[in-house]
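Heavy-atom basis, side chains included; hydrogens, waters and symmetry copies ignored. Just so you know, ligand 1 is whichever comes first in the structure, and atom 1 is the first atom listed for that ligand.
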Amino acid sequence: MTQSLLKVSDLKKAYGAIQAVGGVSFEVMPGEIFGVIGPNGSGKTTMFNSVLGQISPDAGSIELNGKNITGLSPLALSRQGVGRTFQTLQVFGKMTVRDNLIVAAQEHKGSMLSRMFAPGDSGLGGKADALIDQFRIRHVADKLAGTLSYGQQKLVDIAMAFMAEPDLVLLDEPCAGVNPSLVGGISSLLKELNQNPKFGRKSSFVVIEHNMDFVMDLCHRIMVMVEGRVLAIGTPAEIRGNKEVLDAYLGN
Ligand SMILES: Nc1ncnc2c1ncn2[C@@H]1O[C@H](COP(=O)(O)OP(=O)(O)OP(=O)(O)O)[C@@H](O)[C@H]1O
Ligand SMILES: [Mg+2]
């Protein structure tokens, strides 16, 4: 049997009386695009934050390629090839797009002071330029990120995660707030990065998203979370046809 890339087992996290994540288990296979859907407050972001070392889970284990990575810091995980994007934008509005990418890679390398100084190139300019072309943002590369549309800033935000050449990227709502005309572009970009990147290796993804057309078109398998638990895991067709899922989520 193929070794899973990411294996999450019985993950739990409570905030006081709220069981935000109440025993979640799933596996992501190498090369897979794995979607996570569920109503607001169903624990999707808390699950991400626990997997990525942003918060420590109360229970459960996380394995990457069969190795236990539970409790590793975000920086340690980044060095093991695991990247992320956040539900809210993390770009620096007063830096150019290109400098945002360079600073993101410097952070990956552990330069804690990188945000306080002009980025310089650090030999990372070539990598930034390759990603700028891959993400089709050459025309805005020298603009201050804060002057771009929200959707374009989202693209920069995603590109920043790829400066570390990750094997696995967890994306928290890449389409939220993005103009619908840009959503198709984000989808085809992620497919390209998954199957045929112009730069770096092929990446696997775990993608949280409320945009159902996007999820159904992009993901190989989808996990439905409701009230901190896994309601179903299956192919888009299986999830669309699942009566429990329709009742609890898709039908409303
Ligand atoms: N830092 C926190 N302190 C207290 N409660 C929290 C905290 N973070 C999340 N919660 C609660 O945990 C539950 C799950 O929240 P979470 O953000 O993981 O949901 P989500 O599925 O990502 O929702 P959305 O789709 O709105 O982003 C919610 O009830 C939320 O209010
Ligand atoms: Mg969330």
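Using a 4.5 Å heavy-atom threshold, the side chains of Val21 and Lys12 count as separate.
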Taking distance alone, no hydrogens or angles, what donor-acceptor pairs closer than 3.5 Å link side-chain atoms of residues 173-196 to residues at least two apart or in another chain?
from	atom 1	to	atom 2	distance (Å)
Glu173	OE2	Gln87	NE2	3.2
Glu173	OE2	His210	NE2	3.2
Asn179	OD1	Ser181	N	2.9
Asn179	OD1	Ser181	OG	2.8
Ser187	OG	Asp217	OD2	3.3
Ser188	OG	Gly184	O	2.9
Ser188	OG	Gly185	O	3.4
Lys191	NZ	Asp217	OD1	3.4
Lys191	NZ	Asp217	OD2	2.9
Glu192	OE1	Gln134	NE2	2.7
Glu192	OE1	Arg136	NH2	3.3
Glu192	OE1	Lys198	NZ	3.3
Glu192	OE2	Arg136	NH2	2.8
Asn194	ND2	Gly31	O	3.0
Asn194	ND2	Ser203	O	2.9

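Looking only at atom types and distance, the side chain of Thr85 has no donor-acceptor partner in the side chain of Asp157 under 3.5 Å away. In the model, Arg229 has no side-chain atom that pairs as donor or acceptor with a side-chain atom of Gln19 under 3.5 Å.
Among pairs with a residue in residues 33-64, those fulfilling ring pair (Phe, Tyr, Trp, His ring centres under 6.0 Å) read Phe26-Phe34, at least two apart in sequence or across chains.
Geometrically, Lys154 does not engage Tyr150 in a cation-pi contact defined by less than 6.0 Å to the ring centre and at most 45° from the axis.
For NZ of Lys7, the number of neighbouring non-hydrogen atoms (other residues, nucleotides, ligands) closer than 6.0 Å is 12 at most.
Residues with a heavy atom under 4.0 Å from ligand 1: Tyr15, Ile18, Ala20, Pro39, Asn40, Gly41, Ser42, Gly43, Lys44, Thr45, Thr46, Gln87, Glu173, His210.
Within a radius of less than 2.8 Å around the Mg ion (ligand 2), the protein N, O or S atoms are Thr45 OG1, Gln87 OE1.
Ionic pairing of Arg98 and Asp129 is present here: one or more N-O contacts between side-chain nitrogen and carboxylate oxygen are shorter than 4.0 angstrom. The existence of a salt bridge linking Lys44 and Asp172 is excluded, since no basic side-chain nitrogen approaches an acidic carboxylate oxygen closer than 4.0 Å.
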